[in-house]
Number of protein chains: 2
Amino acid sequence: MSSGRAVQSPGGGELLFLTDEQLRQGIEAMYFAYRGFTADPDRILAEIDLGRAHHRAIHFINRAPGTTVNNLLSILGVTKQSLNRVLRALVEQGLVESRVGATDRRERHLYLTEAGQELEARLSEAQRARMRSAYRDAGPDAVAGFRRVLEAMMSADTHRVYSTLKDRA
Amino acid sequence: MSSGRAVQSPGGGELLFLTDEQLRQGIEAMYFAYRGFTADPDRILAEIDLGRAHHRAIHFINRAPGTTVNNLLSILGVTKQSLNRVLRALVEQGLVESRVGATDRRERHLYLTEAGQELEARLSEAQRARMRSAYRDAGPDAVAGFRRVLEAMMSADTHRVYSTLKDRA
DNA sequence: AAAGTAAGTCAGCCTCGTTGACATTCCAAG
DNA sequence: CTTGGAATGTCAACGAGGCTGACTTACTTT
């Protein structure tokens with residue numbers, strides 16, 4: 001598995017030489033890996049007639065309980081109309097509670113119910129198990145590199161959202 | 001960016017200790033990075049009323065010209081009915097040509113037309129540019145680690161498809 | 001030739017994106 | 001105050017691209 005070769009650039013700085021073939025393998029790896037990444041939660045969600053969109057909402061509500069719809073929107077990068085359908089389903093199934101804001105009553109603050117927390121735990125345990133196994137197979141140095149490449153691959157605004165979330169962990 | 005710590009397991013082997021927090025950061029990084037990964041091609045595709053599914057088909061037809069529908073199916077992991085709709089659009093737009101098999105006339109062999117090749121080049125150049133930039137930011141060691149983790153994250157059967165493609169590059 | 005299998009197509013459903021129209025609430029200017 | 005605009009969230013309807021089921025066509029096996 002070649003990962004490119006450091007060569008001297010004309011300006012003197014070190015440059016990474018990458019063939020189109022190496023890049024394409026990276027692209028395909030990303031595509032196939034993402035399928036594995038979502039496979040386990042998808043199976044669990046299908047049992048209870050929910051989809052990946054519900055998982056994402058549950059994940060980030062769990063991450064920041066009491067978040068508003070608008071805030072969740074900017075994390076997920078979808079339209080509010082799209083998120084709304086997902087949230088409605090989650091509320092109807094008793095997995096999420098939506099409370100009118102105390103100071104600003106236009107806002108809705110979102111929380112996982114008991115049942116929502118249980119589902120979240122199930123989903124994220126499945127996903128973490130795969131991630132843990134991949135990390136162990138690949139080793140600690142690989143993991144650091146993995147993270148570095150992923151962060152470099154994000155779009156600038158997405159990277160900002162990611163960092164904000166990470167920093168307040 | 002911590003990537004876990006090597007500790008001695010009871011049996012004496014080395015084990016990677018990973019907190020749930022570390023794993024969750026990896027999960028979020030994967031999610032946000034995948035959005036960046038698809039963003040550039042998506043923009044180009046939207047201009048001509050095509051979607052990600054068309055990109056995938058174009059990518060793998062370009063990779064293995066003359067491939068059959070069935071073969072493409074097993075690479076993409078979708079149903080033939082779903083792929084069929086996508087292929088029909090591509091043929092109608094003159095991007096893909098579907099030729100009846102010479103030896104077995106049930107089969108359809110798929111090829112990119114001139115226009116299809118041009119679009120493929122545009123899409124994959126955009127995607128490679130981002131990948132190249134991410135690789136350069138992260139450095140060669142990071143790239144090797146990135147690839148190792150991704151491969152370990154694939155499901156077994158997907159990994160097989162990926163390897164087969166890679167080996168005959 | 002008849003039965004079975006494989007490849008592809010047509011029809012119709014569901015999820016989850018999208019845009020448009022709207023109700024509610026807040027706030028700042030008059 | 002009040003009133004006009006901005007912010008927040010909801011309802012409706014459309015489209016892409018997954019899915020299953022039923023089918024046709026073409027090849028293979030007996």
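Every heavy atom of this structure was used, including side-chain atoms; hydrogens, water molecules and symmetry mates were not. Naming: A, B, ... by sequence-line order, numbering from 1 per chain.
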Are any of the side-chain nitrogens in [X] or [Y] under 4.0 Å away from the carboxylate oxygens of its partner?
{"X": "B:Glu97", "Y": "B:Arg108", "result": "no"}
{"X": "B:Asp157", "Y": "B:Arg160", "result": "no"}
{"X": "A:Arg122", "Y": "A:Glu47", "result": "yes"}
{"X": "B:Glu125", "Y": "B:Arg132", "result": "yes"}

Q.
Under 3.5 Å, is there a donor on one side chain and an acceptor on the other for B:Arg24 and B:Thr19?
A.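 No donor-acceptor contact under 3.5 Å links the two side chains.
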Atom [atom1] of [X] to atom [atom2] of [N]: distance rounded to whole Å?
{"X": "A:Arg52", "N": "D:dC19", "atom1": "CZ", "atom2": "C1'", "answer": "14 Å"}
{"X": "A:Ile58", "N": "C:dC16", "atom1": "CD1", "atom2": "P", "answer": "11 Å"}
{"X": "A:Leu76", "N": "C:dC16", "atom1": "CG", "atom2": "C1'", "answer": "12 Å"}
{"X": "B:Leu90", "N": "D:dA16", "atom1": "CG", "atom2": "C1'", "answer": "13 Å"}
{"X": "B:Arg105", "N": "D:dT24", "atom1": "CZ", "atom2": "P", "answer": "19 Å"}
{"X": "A:Asp49", "N": "C:dC14", "atom1": "CG", "atom2": "P", "answer": "11 Å"}
{"X": "B:Arg99", "N": "D:dA26", "atom1": "CZ", "atom2": "C1'", "answer": "20 Å"}
{"X": "A:Asp42", "N": "D:dG17", "atom1": "CG", "atom2": "P", "answer": "18 Å"}

Q.
Please encode protein proximity along nucleotides 6-13 of chain C as a string of B, S and -, counting only heavy-atom distances under 4.0 Å.
A. BSBBBB--
Q: Give a yes/no answer on whether the side chain of A:His54 brings an N or O atom under 4.0 Å of OP1 or OP2 in C:dT15.
A: no
Q) Is any side-chain N or O of A:Thr79 closer than 4.0 Å to OP1 or OP2 of C:dT18? A)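 Yes.
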Q: Mark yes or no for whether A:Ser133, through its side chain, and A:Ala129, through its backbone, hold a donor-acceptor pair below 3.5 Å.
A: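 It does not hold such a pair.
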**Q.** Within-4.5 Å side-chain heavy-atom neighbours: B:Tyr31 and A:Tyr34
**A.**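 Yes - at least one pair of side-chain heavy atoms lies under 4.5 Å apart.
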(Q) Both A:Gly101 and A:Gly51 contact DNA chain C. Taking the nearest nucleotide for each, which residue is further toward the 5' end? (A)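 Upstream on the strand: A:Gly51.
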